[in-house]
Structure formats: structure tokens, C-alpha cells
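Being a predicted model, the structure only gives us computed values, none of them experimental.
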Amino acid sequence: MTTEPSEAIDVYIAAFPDDIRDILEKMRRVIKETAPGTTEAISYGMPTFKLNKKNLVHFAAWQNHIGFYPTPSGTSAFDTELSSYKRSKGAVQFPLDQPIPYDLVKKIVRFRVDEVLGGNK
């Protein structure tokens, strides 16, 4: 029996305590609503959204933060807005003791959709 990608993400999210699960479910919902037509997968052990068979964004829960992985271009394009967060090439950490900036997540996802579809070069 094969697990569908969306079911695998359900299993991933279900493994966390309620407070973290709520954040992960909202991240998933925000990404889905912002990028309709994407498919879900587990890639690198993380919930992943793909568009045209290309990785769009990943997200994951860690001990003290939610990792959001919109590729290097997705972080560098929002350098100013992400300046208060710990980052590395293609990744940003949203601390669990602060509100998750879902509006910024939406902006980054929109940017990545445009990029994958050829609008951002």
C-alpha cells in the first residue's frame, strides 16, 4: 500500500504537539491557498509543495523554530523583510516564541510561483 503525498504530510504534521501542529496546518493552508495548482510531496523529509514538477517551497518543524525553505532566490528577494530572522542560503527560521509572519510567507510563495512559471528571472 502506497501512501499518497498529502497523507504523508498529514502523518508528518500529526506527529507534533497540538500547538506546533496548528502552526504547520496553517502554513500548509496558507501555501495551498496562495499557490493553487501545486502538488504536495515529502522531500528531504519535509512537507513540500511542487509546481510544474519543481520544488516551490518546503517547511518543517524543529525544536525552536519553523523552517521555511523557499530556495535561495526566495530568501534573497525578501532580504529586508527577513532581516530579523535567522537565515541561511535558501532557508529562514521563524522562532516558535514569535508570531509566524504568514503574510510574508504568502508574498514569498507568490514570488516563487512567478519564478517557477517564468515571471521572475
Examine [X] and [Y] and state if one hydrophobic cluster contains both, with Ile, Leu, Val, Met, Phe, Trp and Tyr joined whenever side-chain heavy atoms are less than 4.5 Å apart.
X	Y	answer
L51	V109	yes
F94	Y69	no
M46	L96	no
Y44	W62	yes

Starting at [atom1] of [X], measure out to [atom2] of [Y] and round the result to the nearest 0.5 Å.
X	Y	atom1	atom2	result
E40	L56	CD	CG	12.0 Å
D97	N64	CG	CG	8.0 Å
I9	T48	CD1	OG1	7.0 Å
L24	D19	CG	CG	9.5 Å
D10	E25	CG	CD	8.5 Å
H65	I20	NE2	CD1	11.0 Å

query = Counting distance only, does the side-chain N/O of T34 pair as donor-acceptor with the main-chain N or O of I31 below 3.5 Å?
reply = no
Between [Y] and [X], is there a side-chain heavy-atom distance shorter than 4.5 Å?
X	Y	value
M27	F68	yes
I100	K26	no
T75	K89	no

Which heavy atom of [X] sits nearest a heavy atom of [Y], and at what distance?
X	Y	value
S73	F111	O-CE2, 3.5 Å
A8	I42	CB-CG1, 3.6 Å
G74	I108	O-CG2, 3.7 Å
Y12	P47	CD2-CG, 3.5 Å

F59 and F49 aromatic ring geometry - parallel, tilted or perpendicular at 30°/60° bounds = parallel
message = Distance to the ring centre below 6.0 angstrom and angle to the axis at most 45 degrees; does that hold for K107 and F78?
response = no
request  = Identify whether the distance between the nearest side-chain nitrogen and carboxylate oxygen of E115 and R112 falls below 4.0 Å.
outcome  = yes
